[in-house]
Amino acid sequence: MNLNLVTIASNKTNTLVSFYKKLGLKLIVDALPRYARLECPDGEATLSIHFTETISTGNNITLYFEDENLDVLVEKLQVKGITLNQLPKDEAWLWKEAKLQDPDGNNIILFKAGEDRKNPPWRIN
């Protein structure tokens, strides 16, 4: 199996689409304000945003986007006015991560893991 699509619910779909386009995703289905689907610039994964009247509160969703040039990506996003909660930082699990939230409060982690993404030294076989 291969993860193809993640869908998040929002009551401000237009705002979220604009935000994810700033992150670099490409709009491929535009049925706004009801639904939109965006394609990641690398790989085959997509993200959809589906309208709902009410969204749940709390930390229900965390999206991870990997980029080999994490520091450059973060600089470009800051120029676009995107605020990060954490600048790129080397973590104990061997990933370099930057953290932010989308306009609905969904957590986003931009990271660089390389080979350690799926094959850390503690991986079990």
Side-chain angles (χ1 to χ4, degrees):
M1 291 191 302
N2 183 33
L3 180 63
N4 171 50
L5 170 67
V6 173
T7 300
I8 57 177
S10 177
N11 58 5
K12 45 189 169 197
T13 53
N14 288 313
T15 301
L16 255 57
V17 166
S18 294
F19 176 83
Y20 283 102
K21 285 172 64 178
K22 279 186 185 178
L23 283 186
L25 280 72
K26 177 184 174 189
L27 185 64
I28 59 171
V29 175
D30 184 351
L32 289 168
R34 184 185 57 79
Y35 178 83
R37 189 167 182 187
L38 299 105
E39 180 178 61
C40 291
D42 300 310
E44 296 296 320
T46 58
L47 173 69
S48 68
I49 301 167
H50 191 270
F51 180 80
T52 185
E53 290 289 333
T54 58
I55 58 172
S56 59
T57 59
N59 293 323
N60 296 323
I61 297 172
T62 301
L63 300 172
Y64 286 78
F65 295 101
E66 186 170 18
D67 194 287
E68 286 299 311
N69 299 306
L70 180 61
D71 294 320
V72 173
L73 173 62
V74 166
E75 288 175 15
K76 288 179 181 178
L77 295 177
Q78 288 176 313
V79 167
K80 292 179 181 180
I82 293 179
T83 303
L84 284 87
N85 301 336
Q86 174 185 301
L87 293 175
K89 174 184 166 194
D90 292 323
E91 301 289 359
W93 46 91
L94 307 178
W95 292 19
K96 186 173 188 177
E97 296 185 353
K99 298 178 180 180
L100 61 148
Q101 291 182 315
D102 72 15
D104 274 345
N106 296 308
N107 297 306
I108 298 172
I109 297 180
L110 307 174
F111 73 101
K112 178 181 178 181
E115 193 62 29
D116 291 318
R117 181 173 64 85
K118 289 181 69 178
N119 297 300
W122 49 83
R123 179 183 168 137
I124 58 173
N125 292 319

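Being a predicted model, the structure only gives us computed values, none of them experimental. All values below were derived from every heavy atom in this structure, side-chain atoms included, with hydrogens, water molecules and symmetry-related copies excluded.
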Are any of the side-chain heavy atoms of [X] and [Y] separated by less than 4.5 Å?
| X | Y | result |
| --- | --- | --- |
| Ile55 | Ile8 | no |
| Ile61 | Asn107 | no |
| Glu66 | Trp95 | no |
| Ile28 | Leu38 | no |
| Leu63 | Leu47 | yes |
| Leu23 | Leu73 | no |
| Val74 | Gln78 | yes |
| Asp67 | Lys112 | no |

request  = Test Asp71 against Lys96 for salt bridge (Lys or Arg N to Asp or Glu O under 4.0 Å), laying out the working first.
outcome  = CA-CA 10 Å; Asp71 294 320; Lys96 186 173 188 177; 2.8 Å; yes
Checklist entry - Does the pair Trp122 and Leu94 meet the rule for a side chain to side chain contact (heavy atoms under 4.5 Å, CB included), with working shown? => result CA-CA 11 Å; Trp122 49 83; Leu94 307 178; 3.9 Å; yes
Sub-3.5 Å donor-acceptor pair from the side chain of [X] to the main-chain atoms of [Y], do we have one?
| X | Y | value |
| --- | --- | --- |
| Asp102 | Gly105 | yes |
| Lys21 | Leu27 | no |
| Thr46 | Asn4 | yes |
| Asp104 | Asn106 | no |
| Gln101 | Leu84 | no |
| Lys99 | Ile109 | no |

Checklist line | Mutual orientation of the aromatic rings belonging to Phe65 and Tyr20 [parallel < 30°, tilted 30-60°, perpendicular > 60°] | finding: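 Tilted: the ring planes of Phe65 and Tyr20 meet at 30° to 60°.
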### Message
Within the supplied structure, the quantity of interest is the number of heavy atoms (other residues, nucleotides, ligands) at a distance under 6.0 Å from Lys76 NZ; does it exceed 12?
### Response
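No, not enclosed.
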For [X] against [Y], the heavy-atom pair lying closest together:
| X | Y | answer |
| --- | --- | --- |
| His50 | Tyr35 | CD2-CD1, 3.8 Å |
| Phe51 | Pro33 | CB-O, 3.5 Å |
| Glu97 | Gln86 | O-NE2, 3.0 Å |
| Pro88 | Ala98 | N-CB, 3.9 Å |
| Leu100 | Thr83 | CB-O, 3.7 Å |
| Leu5 | Arg37 | CD1-NE, 3.6 Å |

